[in-house]
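Throughout, protein chains are lettered first and strands after them, A, B, ... in sequence-line order, and every chain is numbered starting at 1. Quick caveat: nothing in here was measured; it's all calculated off a predicted structure.
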Amino acid sequence: MDLKPTKPLSGFIELLPAQQRCFDECARRMRGVLQIAGFSLLDLPAIERAEVLSDKDNWDEIETQMFLFQYGDTKMGLRYDGTVGLSRFVAGHLNDLVFPFRASQFSKRYRGERRQRGRYREFYQMDMDIMGINTLSINYDAEIISVIQQALNSVSEFIGDNYVRIGSRPFWDALFDYLKLDSRQRKEVFVLIDKRDKMGEEEFALGLSDTLKNKKVENEIKSVFISGYEKFLNKSDKLDAAISELTGFMEKLKQFGVKNAEIDLSIARGLAYYTGLVFEFKLTDHPELQTAAGGGRYADLVEKFSKTKIIGVGAAIGFSRIFVALMESGAIDLSRWERPVDVAILVMGDDNLQYALTVESALRAAKIPSVAYLDTDKKFKNQIEYADKIMAKYSMIIGEDEVKNKVVSVKDMATGEQQTLSVADAIKLVTGGAKNDN
RNA sequence: GCGGAUGUAGCUCAGCUGGUUAGAGCGUCGGUUUGUGGUACCGAAUGUCGCCGGUUCGAAUCCGGUCAUCCGCCCCA
């Protein structure tokens with residue numbers, strides 16, 4: 001009989017136990033940051049109606065980007081980000097929620113795209129969004145950035161330091177107005193700006209001239225990246241407004257305690273739904289990784305679900321992406337996550353099982369991760385080998401003598417020292433040892 | 001969808017220009033006297049050499065196709 005494959009599908013992530021423990025610890029810390037900051041942690045459906053996920057009605061086209069399927073007459077798909085589902089949720093629960101509404105999701109996302117380095121078809125992202133009705137102060141944009149930085153900092157021992165760069169959609173809109181670009185040109189130029197990092201100066205210039213065919217306009221756009229935004233002051237009211245919003249925002253970020261922030265107008269965030277300021281986080285120690293987190297303000301996303309004007313600012317941390325990349329490169333030290341339990345209980349024969357289980361219960365009641373080796377008929381050698389392999393700090397040996405005297409033989413697996421103790425003293429030894437270890 | 005590379009034991013791979021029972025290391029399991037591991041030694045199991053076809057007396061090895069994987073592009077939160 002042919003055996004079935006053991007490898008997961010391409011683009012799907014499987015973590016080994018130690019990796020998973022480390023991942024879970026990171027997730028716990030980041031969720032903790034969000035919860036303390038007053039964000040409701042939501043767990044929305046992974047499957048949405050196709051019409052919720054996409055406005056495009058060209059099934060073939062969107063199928064290459066999403067996992068789609070049909071059940072009866074209902075076309076549906078797996079969520080590829082968290083914000084679309086959240087918009088639907090908020091629009092559907094306007095009466096139940098308090099605004100500004102603060103929500104966070106740490107959940108799996110799905111993309112149908114082809115495998116590529118650092119791209120997965122199933123991955124975790126942590127989203128955080130703040131949504132307001134009719135208005136939403138730009139203070140919230142600053143807060144979102146601050147909270148992301150806190151979340152990233154909470155796992156800095158694994159991912160290192162971070163910095164953030166701020167871009168502005170309104171700046172480009174105003175500049176395009178000023179330069180009198182038509183809508184096709186705006187779109188194409190914007191794509192070029194977004195890809196500028198990847199393509200390099202020459203190709204960027206070429207692309208601009210292809211689209212614009214106007215040296216003067218091309219040079220104006222290029223000059224943004226050379227001499228910055230200042231030269232566009234006093235050119236139009238819209239430009240002035242966009243620039244002062246941006247510079248004012250940098251002051252706000254300081255008030256919110258954000259570190260390592262700077263303006264970078266090449267931050268465009270693709271053609272996504274953003275309408276205001278946008279931002280991207282990168283990891284200082286890992287420049288090879290692409291964006292660690294990104295987001296911005298969106299004004300129109302909820303429009304398709306509700307006539308109530310809802311404005312949001314949100315961001316996502318692509319945590320699977322950075323975690324897996326850092327793990328594979330060896331940047332994350334997993335050695336301290338290899339140990340599933342602190343204590344292995346070795347049981348010399350089924351006759352001693354009852355007592356062994358009471359010891360196990362006592363350990364667990366004392367919050368000491370512990371596990372009994374239940375193949376009680378296995379030789380001692382096999383049992384202690386198991387204790388060694390799971391890297392238990394201590395083995396507690398339970399045989400006839402221990403049962404008779406109501407004690408346990410505790411072996412320190414690192415030093416090999418062994419002593420006979422009451423269960424209470426054994427627990428004291430283990431908990432004391434744990435303190436020294438960390 | 002396009003281009004490049006790769007597909008041999010659970011894993012990482014070696015098998016040169018085709019030659020007869022397909023290898024190593026790691027891992028797994030067992031053993032080196034039956035309550036003491038991490039080292040050492042001995043031993044065992046596991047492969048239709050991705051799949052299909054062709055060339056040949058003979059193919060893991062050459063050729064074609066196909067599938068899969070990886071890298072890049074396209075696309076893109």
(request) Starting from C1' on B:rU36, measure out to CG on A:Leu346 and report it in whole angstrom. (result) 9 Å
(message) Strictly distance-based, threshold 3.5 Å: is any side-chain N or O of A:Asn260 a donor or acceptor partner for the main-chain N or O of A:Asn162?
(response) yes
(request) Give a yes or no on whether a salt bridge exists between A:Asp127 and A:Arg79, defined as a side-chain N under 4.0 angstrom from a carboxylate O. (result) no
(request) In whole angstrom, give me the gap between the C1' atoms of B:rC16 and B:rG53. (result) 27 Å
(message) Rounding to an integer number of angstrom, what distance separates B:rC29 and B:rG65 when you compare their P atoms?
(response) 45 Å
(message) Ring of A:Phe106, cation from A:Arg31 - is the NZ or CZ under 6.0 Å from the centre and inside 45° of the axis?
(response) yes
(request) To the nearest Å, give me how far apart CD (A:Gln290) and P (B:rC76) are. (result) 15 Å
(message) If I take atom CG in residue A:Asp388 and atom C1' in nucleotide B:rU39, what distance separates them, rounded to the nearest angstrom?
(response) 11 Å
(message) List the residues meeting side chain to side chain donor-acceptor pair (under 3.5 Å) with A:Glu280, not counting sequence neighbours, and say none if there are none.
(response) A:Arg269, A:Thr291
(message) Just to be sure I understand the geometry, which residues of residues 79-91 of chain A put a non-hydrogen atom under 4.0 Å away from RNA chain B?
(response) A:Tyr80, A:Asp81
(request) Could you measure between the two C1' atoms, the one in B:rG37 and the one in B:rA24, and give it in whole Å? (result) 27 Å
(request) Determine: side-chain N/O of A:Lys393 to OP1/OP2 of B:rG37, distance under 4.0 Å, yes or no. (result) no
(request) Any pair with a residue in residues 352-361 of chain A that passes salt bridge (charged side-chain N to carboxylate O under 4.0 Å, His left out), sequence neighbours left out, goes on the list, sorted by first then second residue, please. (result) A:Glu360-A:Arg364
(request) May I ask you to test the A:Asp412-A:Gln419 pair for a side-chain heavy-atom distance under 4.5 Å? (result) no
(request) Please report, rounded to the nearest Å, how far the P atom of B:rC70 is from the CD atom of A:Glu328. (result) 11 Å
(request) Any pair with a residue in residues 367-383 of chain A that passes salt bridge (charged side-chain N to carboxylate O under 4.0 Å, His left out), sequence neighbours left out, goes on the list, sorted by first then second residue, please. (result) A:Lys381-A:Glu385
(request) Kindly write out the residues that satisfy side chain to side chain donor-acceptor pair (under 3.5 Å) with A:Arg196, not counting sequence neighbours, or none if the list is empty. (result) A:Glu201
Check nucleotides 3-12 of chain B against the protein and report each pair of N or O atoms closer than 3.5 Å, with its distance, or say if there are none.
none

(request) Please report the shortest heavy-atom distance between A:Gln383 and A:Thr376, naming the atom on each side. (result) NE2-O, 3.7 Å
(message) I'd like the C1' distance from B:rA68 over to B:rU8, given in whole Å.
(response) 15 Å
(message) Give me the atom names and distance for the closest heavy-atom approach of A:Phe281 to A:Ile145.
(response) CZ-O, 3.5 Å
(request) Could you check how far CD of A:Glu417 sits from C1' of B:rU36, rounded to whole Å? (result) 15 Å
Pairs under 3.5 angstrom, nitrogen or oxygen only, protein versus nucleotides 71-74 of chain B, please.
{"residue": "B:rG72", "atom": "OP1", "partner": "A:Arg117", "partner atom": "NE", "Å": "2.9"}
{"residue": "B:rG72", "atom": "OP1", "partner": "A:Arg117", "partner atom": "NH2", "Å": "2.8"}
{"residue": "B:rG72", "atom": "OP2", "partner": "A:Arg117", "partner atom": "N", "Å": "3.0"}
{"residue": "B:rC73", "atom": "OP2", "partner": "A:Gln116", "partner atom": "OE1", "Å": "3.3"}
{"residue": "B:rC74", "atom": "N4", "partner": "A:Gln116", "partner atom": "NE2", "Å": "3.0"}

(message) Out of the candidates A:Thr83, A:Thr275, A:Asp129, only one should pair with A:Tyr298 under the side chain to side chain donor-acceptor pair (under 3.5 Å) rule; please name it.
(response) A:Asp129
(request) Provide, to the nearest angstrom, the distance between the CD atom belonging to A:Glu385 and the P atom belonging to B:rA40. (result) 13 Å
(message) For A:Ala414 and A:Gly294, find the nucleotide of RNA chain B closest to each by heavy atoms; which residue's nucleotide sits nearer the 5' end?
(response) A:Ala414
(message) Is it the case that the side chains of A:Gln150 and A:Ser146 hold a donor-acceptor pair, with the cut-off being a distance below 3.5 Å and no angle test?
(response) yes
(request) Calculate the interatomic distance between A:Asn382 atom CG and B:rU36 atom C1'; express it in whole Å. (result) 12 Å
(message) Please report the distance separating the P of B:rC62 from the corresponding atom of B:rC75, rounded so that it comes out in whole Å.
(response) 37 Å
(message) Nearest to the A:Ser10 side chain among B:rC70, B:rG37, B:rG30, which nucleotide is it?
(response) B:rC70
(message) For A:Tyr124 together with A:Phe323, are the ring centres under 6.0 Å from each other?
(response) no
(message) When the P atoms of B:rA45 and B:rG30 are compared, how many Å lie between them, rounded to an integer?
(response) 15 Å
(message) Whether the side chain of A:Arg339 engages the backbone of A:Met391 through a donor-acceptor N/O pair (distance < 3.5 Å, no angle test) should be reported.
(response) yes
(message) Looking at A:Glu188 and A:Arg184, is any side-chain nitrogen of the basic one under 4.0 Å from a carboxylate oxygen of the acidic one?
(response) yes
(request) Could you state the atom-to-atom distance from CG of A:Leu68 to C1' of B:rC75 in whole Å? (result) 15 Å
Measure all distances between protein nitrogen or oxygen atoms and nitrogen or oxygen atoms of nucleotides 33-35 of chain B, and list the pairs falling under 3.5 Å.
{"residue": "B:rG35", "atom": "O6", "partner": "A:Glu402", "partner atom": "OE1", "Å": "3.2"}
{"residue": "B:rG35", "atom": "N1", "partner": "A:Glu402", "partner atom": "OE1", "Å": "3.3"}
{"residue": "B:rG35", "atom": "N1", "partner": "A:Glu402", "partner atom": "OE2", "Å": "3.2"}
{"residue": "B:rG35", "atom": "N2", "partner": "A:Glu402", "partner atom": "OE2", "Å": "3.3"}

(request) Could I get the full list of side chain to side chain donor-acceptor pair (under 3.5 Å) partners for A:Glu402, not counting sequence neighbours? (result) A:Ser409
(request) For B:rA60 versus B:rG50, give the span between their C1' atoms, rounded off to a whole number of Å. (result) 12 Å
(request) Keeping to residues at least two apart or across chains, list the side chain to side chain donor-acceptor pair (under 3.5 Å) pairs with something in residues 320-331 of chain A. (result) A:Gln290-A:Arg321
(message) Test: salt bridge (charged side-chain N to carboxylate O under 4.0 Å, His left out). Region: residues 132-148 of chain A. Which pairs qualify, not counting sequence neighbours?
(response) A:Arg102-A:Glu143, A:Asp141-A:Arg297
(request) Please measure how far the C1' atom in B:rC11 lies from the corresponding atom in B:rG18, and state the result in whole Å. (result) 29 Å
(request) Return one dot-bracket line describing RNA chain B 5' to 3' (Watson-Crick or G-U wobble pairs, both distances under 3.5 Å; ( ) same strand, [ ] crossing, | another strand, . none). (result) (((((((..((((.....[...)))).(((((.......))))).....(((((..]....))))))))))))....
(request) Indicate, with a heavy-atom threshold strictly under 4.0 Å, whether A:Gly318 touches base, sugar-phosphate, or nothing. (result) nothing
